[in-house]
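Worksheet for the structure shown next.
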Amino acid sequence: MATILIAEDEQAISVLLKYNLEKVGYDTICVAHGNRVLSAVEKNVPSLILLDWMLPEISGLELCKIIRNNPDWKNIPIIMLTAKGQEEDKVAGLSAGADDYVTKPFSVPELLARIKTNLRRSTNIASSIKKEYVFQDIVLKTVEKKVFRGENYVQLGPTEFRILQLLISNPHQVFSRDEVLKTVWGQSIYVEPRTVDVHIRRLRKALNEFGPDYIRTIRATGYSLDDHQVEE
Ligand code: CA
């Protein structure tokens with residue numbers, strides 16, 4: 001069943017939401033402070049977030065932007081809750097990346113209907129993303145963010161994981177350092193091309209502890225995941 005994070009500092013509303021959501025079968029997590037929201041999401045990625053606009057310490061609007069900028073969290077549906085009904089707030093909320101917007105006082109049945117719609121939409125997105133990639137004995141699980149070689153769990157840093165995901169989703173295809181940089185770090189961040197080599201070295205070291213080296217280095221070109229013996 002879906003887990004819904006309730007980020008709301010007014011206890012009466014938080015209790016009301018928790019009661020009604022659990023009554024229809026959702027699991028809930030409640031936080032009342034802006035600065036607890038991110039750690040709660042980190043600990044247990046929710047299926048949907050009900051995010052109050054006016055939270056102490058960090059506003060709901062700021063949190064919404066932070067969550068949207070995180071590649072792991074950007075698809076979590078966010079419904080903003082607010083006492084303000086003004087049109088400009090609604091626009092600000094939606095442009096910060098909220099999926100929906102509910103003005104207090106809200107009707108519980110209406111909110112439940114919106115939650116259902118937003119969850120259905122995000123399930124459709126999630127099911128279009130491949131859950132698992134396999135190459136020889138290497139298995140990369142996109143949801144759990146885990147990599148295995150045979151029975152062995154391979155411990156990877158987040159950057160190494162993303163590089164492997166790129167390579168394993170397109171085996172035998174050669175990626176230049178620039179392509180790896182753009183895909184893994186994004187267009188906007190400047191990273192030295194040599195940084196790619198450092199992370200590839202770490203990825204190799206972690207993977208090869210449990211089996212043969214399938215990462216191919218093509219001199220002056222880039223990298224690929226390949227099981228054919230090729231001269232370098
Ligand atoms: Ca509030």
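Quick caveat: nothing in here was measured; it's all calculated off a predicted structure. Atoms within each ligand, like the ligands themselves, are counted from 1 in listed order.
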**Message:** Check for me: within less than 3.0 Å of the Ca ion (ligand 1), which protein N/O/S atoms show up?
**Reply:** Asp9 OD1, Asp52 OD2, Met54 O

**Request:** Please indicate whether Glu144 has more than 12 foreign heavy atoms, meaning atoms of other residues, nucleotides or ligands, lying under 6.0 Å from its CD.
**Result:** yes

**Item:** Sidechain N-carboxylate O distance under 4.0 Å for Lys205, Glu209
**Value:** no

**Message:** With a 4.0 Å cut-off on N to O distance, would you call Lys104 and Glu8 a salt bridge?
**Reply:** yes

Going by atom type alone, with no hydrogens or angles, which donor-acceptor pairs under 3.5 Å involve a side-chain atom of residues 63-73 and a protein atom two or more places apart or on another chain?
{"residue": "Arg68", "atom": "NE", "partner": "Gly97", "partner atom": "O", "Å": "2.8"}
{"residue": "Arg68", "atom": "NH1", "partner": "Lys74", "partner atom": "O", "Å": "3.0"}
{"residue": "Arg68", "atom": "NH1", "partner": "Ile76", "partner atom": "O", "Å": "3.1"}
{"residue": "Arg68", "atom": "NH2", "partner": "Ile76", "partner atom": "O", "Å": "2.7"}
{"residue": "Arg68", "atom": "NH2", "partner": "Gly97", "partner atom": "O", "Å": "3.3"}
{"residue": "Arg68", "atom": "NH2", "partner": "Asp99", "partner atom": "OD2", "Å": "2.7"}
{"residue": "Asn69", "atom": "ND2", "partner": "Lys65", "partner atom": "O", "Å": "3.3"}
{"residue": "Asn70", "atom": "OD1", "partner": "Asp72", "partner atom": "N", "Å": "2.8"}

**Message:** Taking ring pair (Phe, Tyr, Trp, His ring centres under 6.0 Å) as the definition, give me every residue that meets it alongside Phe148, ordered by chain and number, with sequence neighbours left out.
**Reply:** Tyr153

**Prompt:** Residues in salt bridge (charged side-chain N to carboxylate O under 4.0 Å, His left out) with Asp197, at least two apart?
**Reply:** Arg177

